[in-house]
Student: 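Before I ask anything, here is the structure I am working with.
Proteins get letters first, then strands, A, B, ... in listed order; numbering begins at 1 in each.
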Amino acid sequence: MQKPSLPKGTRDFGPVQMARRNFILDTIKDTFQLFGYSQIETPAMENLSTLTGKYGDEGDQLLFKILNSGDYLKNVSAEDLEKGASATLSKVSEKGLRYDLTVPFARFVVMNRNELTFPFKRFQIQPVWRADRPQKGRYREFYQCDADVVGTDSLVCEAEIVLMIRRVFSNLGLQDYSIKINNRKILTGIAEAIGEEGKEAPLCVAIDKLDKIGWEKVSEELSQKGFDNSSIEKLAPLVELQSDYAGKVGFLKDFLSSSETGLQGVKELEEVFGILQSMGENLDHVDFDVMLARGLSYYTGAIFEVKVNNVSIGSVSGGGRYDNLTGVFGLSGVSGVGFSFGVDRLYDVLEELGLFPEESIQSTKILLTYFDEKGFRYALSVLQQFRKAGVRAEIYPDQAKMKKQLDYASKKGVPYVGICGDQEIERHSLALKNLETGVQEDLTIFQAVELLS
RNA sequence: GUGAUUGUAGCUCAGCUGGUUAGAGCGCUGGUUUGUGGCACCAGAGGUCGCCGGUUCGAAUCCGGUCUUUCACCCCA
């Protein structure tokens, strides 16, 4: 006999967890649909050629590769083995598990370009796999909920992303959070303005850590990466900038006056806020953060990140605009903007804040119980009447003591029990007991069904 | 990938520097109560001490390896 176990970084979801996860998932799905996104799904596995080279060297290493079926060693020579893993890999594996939902989506768009109507708004909720080292809030299998629009440059999309995030959070009962927003062009502009043109990539990587390690360490890192001390000094007033939205915009227009790209970024941001205002919306929860960088290198316009305040979990949602998502698959000129919710992290946040509603875990509404064969027959007929009325009902399947039946109900969180004994059969009634209050009353079947439906 | 850390009953954890039969609380099963759960009392079942190897007369305890957990870095959701 072997002890059962789970692969590293994976987990089961029991009934309670599933009910809670569905509460989150349903809220997100409902919101995406409300804003006109349609759902798609793609296979768990993709060809390795589709996946490799899209996430950088680190990402390639984190891909789960699938061993070819059959005699997977038949193409491998002794020479290959000597050369090592990288030379052998392509001969033993041609498929891998998806690493995110964005690349499979890009593949989907290219393959279906003639059938799709652009702008194409899609959402996708599926698990992805990474051979990462698990940590709190980091798993090897986890769900992503992506929504993207491709084939339009309109900044309405950006504004709608803000609205969708706010709707989801409000429906989940989350109040204290901020949607950080910035524009990649502003970061490019900053690099230009401080005299380090073209170096926004290392600049972003370093700046991204500002919250975590502080300005001093960031400036050290920049200096290590070859930034001039004078450039770093120029950056300082920006880092220390404490101002409201209008103040920041004003400051940046001046700071970036030498950079056309930078000014364009500010303009785009203003436009997004302008659109929100035209929709009659305010800027609640929206936080223009000049230092928000996000690691991903493919963003070219707006970037978002959502952080719930006063919890121990990192960002729960993020995204941005990218040009040329599908370029690597041979379809250029398709720009898009998208974002994603981290369900697993949202789960942890809601748990930490105790925000899961009680009803979300309730399944069965009434359990029918009985004492003997005669009661069992009677209960079966009653059961059907509850179900016909759409009431979630079940019958205790085995003949057992009342104690055991009631125990089952209260442990499963079933709020009502319908007792079917000789008295009830005689009167064509049901003893309906509320397990929470302990109150029991004798009702006709019709009354009982009415009460619970 | 680097550096730490964890593993004893279903769960949370005791078990001192190696020494007879490895414990507790909760949970579980049965009973007190053959038409009524939560409370109380009584009884009972459950453990190759993560796995493999080594040291030793003797290992849950020491050593090595491996897997797992958690954490920091890297990166990221």
Side-chain angles (χ1 to χ4, degrees), chain A residues 1-11 14 24 55-63 85 98-102 125-146 204-206 208-209 212-213 217 221 293-297 304-308 312-319 338-349 367-372 374-375 379 396 399-426 430-442:
Chain A
M1 200 190 77
Q2 54 162 350
K3 269 192 188 169
S5 66
L6 229 39
K8 196 190 188 97
T10 66
R11 58 245 136 95
I24 298 173
Y55 311 106
D57 288 346
E58 299 238 12
D60 284 357
Q61 288 193 329
L62 297 181
L63 283 172
R98 72 166 101 76
Y99 181 88
D100 69 0
L101 299 178
T102 309
I125 300 175
Q126 289 189 275
V128 304
W129 294 269
R130 295 182 188 180
D132 208 353
R133 260 233 216 151
Q135 267 180 49
K136 190 181 182 81
R138 275 172 84 164
Y139 307 95
R140 289 186 152 182
E141 178 187 66
F142 62 96
Y143 275 71
Q144 287 192 334
C145 306
D146 278 25
C204 285
V205 172
D208 206 31
K209 297 174 193 159
K212 246 183 184 171
I213 62 176
K217 294 257 169 135
E221 184 172 333
R294 299 221 92 211
L296 284 170
S297 51
F304 306 93
E305 192 161 289
V306 187
K307 173 102 176 69
V308 179
S312 58
I313 291 114
S315 71
V316 293
S317 173
F339 75 112
S340 155
F341 287 105
V343 202
D344 300 286
R345 287 193 174 175
L346 275 172
Y347 186 101
D348 291 343
V349 167
L367 173 78
L368 295 174
T369 65
Y370 50 92
F371 299 98
D372 50 25
K374 206 171 141 204
Y396 196 82
Q399 292 240 358
K401 289 183 180 165
M402 187 51 58
K403 180 184 162 88
K404 198 164 182 186
Q405 301 184 55
L406 289 175
D407 221 34
Y408 170 81
S410 56
K411 274 183 191 148
K412 195 170 170 179
V414 178
Y416 289 95
V417 160
I419 299 165
C420 305
D422 290 347
Q423 287 174 31
E424 286 77 21
I425 298 174
E426 210 170 287
L430 189 69
L432 189 72
K433 183 182 173 88
N434 181 325
L435 284 185
E436 247 169 76
T437 60
V439 175
Q440 183 173 331
E441 51 184 334
D442 200 50

Student: Considering residues at least two apart in sequence or located in another chain, which fulfil the side chain to side chain donor-acceptor pair (under 3.5 Å) criterion with A:S340?
Tutor: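 A:S340 satisfies side chain to side chain donor-acceptor pair (under 3.5 Å) with A:D146 only.
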Student: Produce a footprint string for nucleotides 67-72 of chain B: one letter per nucleotide, 5' end first; B if the base is under 4.0 Å from any protein heavy atom, S if only the sugar-phosphate is, - if neither.
Tutor: -SS-SB
Student: If you find the nucleotide of RNA chain B closest to A:D132 and the one closest to A:I419, which residue's nucleotide is nearer the 5' end?
Tutor: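 Upstream on the strand: A:I419.
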Student: Under the ring pair (Phe, Tyr, Trp, His ring centres under 6.0 Å) test, which residues partner A:Y99, sequence neighbours left out?
Tutor: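 Testing A:Y99 for ring pair (Phe, Tyr, Trp, His ring centres under 6.0 Å), a comparison that skips the adjacent residues, returns A:Y55.
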Student: Between the side-chain atoms of A:Q405 and the base atoms of B:U36, is any donor-acceptor pair under 3.5 Å?
Tutor: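 Absent.
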Student: Nucleotides 28-30 of chain B: which of its N/O atoms have a protein N/O under 3.5 Å away?
Tutor:
| residue | atom | partner | partner atom | Å |
| --- | --- | --- | --- | --- |
| B:C28 | OP1 | A:K411 | NZ | 2.4 |

Student: Residues two or more places apart in sequence or in another chain: which of them pass side chain to side chain donor-acceptor pair (under 3.5 Å) with A:Q135?
Tutor: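 Side chain to side chain donor-acceptor pair (under 3.5 Å) list for A:Q135, sorted by chain: empty.
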Student: Have a look at A:Y416 and tell me which of A:L435, A:L368, A:N434, A:L430 forms a side chain to side chain contact (heavy atoms under 4.5 Å, CB included) with it.
Tutor: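 Result: among A:L435, A:L368, A:N434, A:L430, A:N434 is the only option passing the side chain to side chain contact (heavy atoms under 4.5 Å, CB included) with A:Y416.
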Student: If I take atom CG in residue A:L62 and atom P in nucleotide B:U2, what distance separates them, rounded to the nearest angstrom?
Tutor: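 From A:L62 CG to B:U2 P: 14 Å.
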Student: For A:F371 and A:Q399, which heavy atoms make the closest approach, and how far apart are they?
Tutor: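 Nearest pair, atom of A:F371 first, then A:Q399: O-OE1, 3.9 Å.
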Student: Any idea which of B:A77, B:G35, B:G37 is nearest the A:F371 side chain?
Tutor: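 Ranking B:A77, B:G35, B:G37 by closest atom to the A:F371 side chain puts B:G35 first.
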Student: Tell me what A:Q399 touches on the nucleic acid: a base, only sugar-phosphate, or nothing, going by heavy atoms under 4.0 Å.
Tutor: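 Since no nucleic acid heavy atom lies under 4.0 Å of A:Q399, the category is nothing.
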Student: Base, sugar-phosphate alone, or nothing: which one does A:G318 contact when heavy atoms must sit under 4.0 Å apart?
Tutor: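 No contact.
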Student: Assess whether a salt bridge exists between A:D407 and A:K403, defined as any Lys/Arg side-chain N lying under 4.0 Å from an Asp/Glu carboxylate O.
Tutor: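 Result for this pair is no, no salt bridge flagged.
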Student: Holding to salt bridge (charged side-chain N to carboxylate O under 4.0 Å, His left out), I want the full list of residues that pass it with A:D100, two or more places apart in sequence or in another chain.
Tutor: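 Checked A:D100 against salt bridge (charged side-chain N to carboxylate O under 4.0 Å, His left out); zero matches.
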Student: Distance-only, no hydrogens or angles: does the A:Q405 side chain make a donor-acceptor pair with backbone N or O of A:A400 under 3.5 Å?
Tutor: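 Yes, A:Q405 side chain to A:A400 backbone: donor-acceptor pair under 3.5 Å.
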Student: Take N1-N3 plus N6-O4 or O6-N4 for Watson-Crick, N1-O2 plus O6-N3 for G-U, both under 3.5 Å. Which runs of 3 or more such pairs involve RNA chain B?
Tutor: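 So far as stems of 3 or more pairs are concerned, RNA chain B shows B:1-4 with B:70-73, B:10-13 with B:23-26, B:28-32 with B:40-44, B:50-54 with B:62-66.
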Student: Can you name the salt bridge (charged side-chain N to carboxylate O under 4.0 Å, His left out) partners of A:R133, sequence neighbours left out?
Tutor: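 None.
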Student: Write down the distance separating the P atoms in B:C51 and B:U32, rounded off to the nearest Å.
Tutor: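 After rounding to an integer number of Å, I get 40 Å for this pair.
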Student: Who pairs with A:Y408 by ring pair (Phe, Tyr, Trp, His ring centres under 6.0 Å), at least two apart in sequence or on another chain?
Tutor: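 Testing A:Y408 for ring pair (Phe, Tyr, Trp, His ring centres under 6.0 Å), a comparison that skips the adjacent residues, returns A:Y396.
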Student: Take atom P in B:A60 and the same atom in B:U70, then report the distance between them in whole Å.
Tutor: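 Here B:A60 and B:U70 have their P atoms 27 Å from each other.
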Student: As a test of reading the structure: which of B:C76, B:G35, B:C75 is closest to the side chain of A:R138, going by heavy atoms?
Tutor: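 Of all the options, the side chain of A:R138 is nearest to B:C75.
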Student: Under the side chain to side chain donor-acceptor pair (under 3.5 Å) rule, collect the residues that match up with A:D132, sequence neighbours excluded.
Tutor: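 With sequence neighbours excluded, A:D132 shows a side chain to side chain donor-acceptor pair (under 3.5 Å) to A:R138, given in chain and number order.
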Student: Taking only residues two or more places apart in sequence, or in another chain, which ones meet A:D372 in a salt bridge (charged side-chain N to carboxylate O under 4.0 Å, His left out)?
Tutor: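 Scan of A:D372 (salt bridge (charged side-chain N to carboxylate O under 4.0 Å, His left out), adjacent residues dropped) gives none.
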Student: Tell me every residue that passes side chain to side chain donor-acceptor pair (under 3.5 Å) with A:Q423, counting only those two or more places apart in sequence or in another chain.
Tutor: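 So A:Q423 forms a side chain to side chain donor-acceptor pair (under 3.5 Å) with A:R427.
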Student: If you look at every strand shown and take non-hydrogen atoms under 4.0 Å, does A:Q61 touch a base, only sugar-phosphate, or nothing?
Tutor: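 Contact class for A:Q61: none.
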Student: When the P atoms of B:A24 and B:A14 are considered, how many whole Å apart are they?
Tutor: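 Comparing P positions in B:A24 and B:A14 gives a spacing of 16 Å.
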Student: Between B:U34 atom C1' and A:D422 atom CG, what is the distance in whole Å?
Tutor: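 After rounding, the gap between these two atoms is 13 Å.
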Student: For atom C1', what is the distance between B:C49 and B:G30, given to the nearest Å?
Tutor: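 Those two atoms are separated by 29 Å.
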Student: Considering only atom P, compute the distance from B:U2 to B:C67 and round it to an integer number of Å.
Tutor: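 Roughly 12 Å separates the two P atoms.
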Student: Quick one: which of B:G38, B:A77, B:G35 gets closest to the side chain of A:A431?
Tutor: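 Shortest atom-to-atom distance from the side chain points to B:G35.
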Student: To the nearest angstrom, how far is A:D60 atom CG from B:C76 atom C1'?
Tutor: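 Atom CG in A:D60 sits about 15 Å away from atom C1' in B:C76.
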Student: For B:C26 versus B:G46, give the span between their C1' atoms, rounded off to a whole number of Å.
Tutor: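 About 14 Å, rounded to a whole number of Å.
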Student: Determine the contact category for A:D100: base if any of its heavy atoms lies under 4.0 Å from a base atom, sugar-phosphate if only primed atoms, P, OP1 or OP2 are that close, otherwise nothing.
Tutor: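 A:D100: no heavy atom of the nucleic acid under 4.0 Å.
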Student: Say you pick atom P in B:C75 and the same atom in B:U69; how far apart are they, in whole Å?
Tutor: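 That atom pair is separated by 23 Å.
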Student: May I have the distance from A:K403 (atom NZ) to B:G37 (atom C1'), rounded to whole angstrom?
Tutor: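 So the two atoms are 7 Å apart, to the nearest Å.
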Student: Could you check if the base of B:G46 is syn or anti? Syn means the glycosidic torsion is within 90 degrees of 0.
Tutor: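 B:G46: syn glycosidic orientation.
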Student: With a non-hydrogen cut-off below 4.0 angstrom, is A:T369 in contact with a base, only sugar-phosphate, or nothing?
Tutor: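 The answer is nothing, as A:T369 stays clear of every strand by at least 4.0 Å.
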Student: Please measure how far the C1' atom in B:C13 lies from the corresponding atom in B:U17, and state the result in whole Å.
Tutor: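 Nearest-Å result for B:C13 against B:U17 at atom C1': 22 Å.
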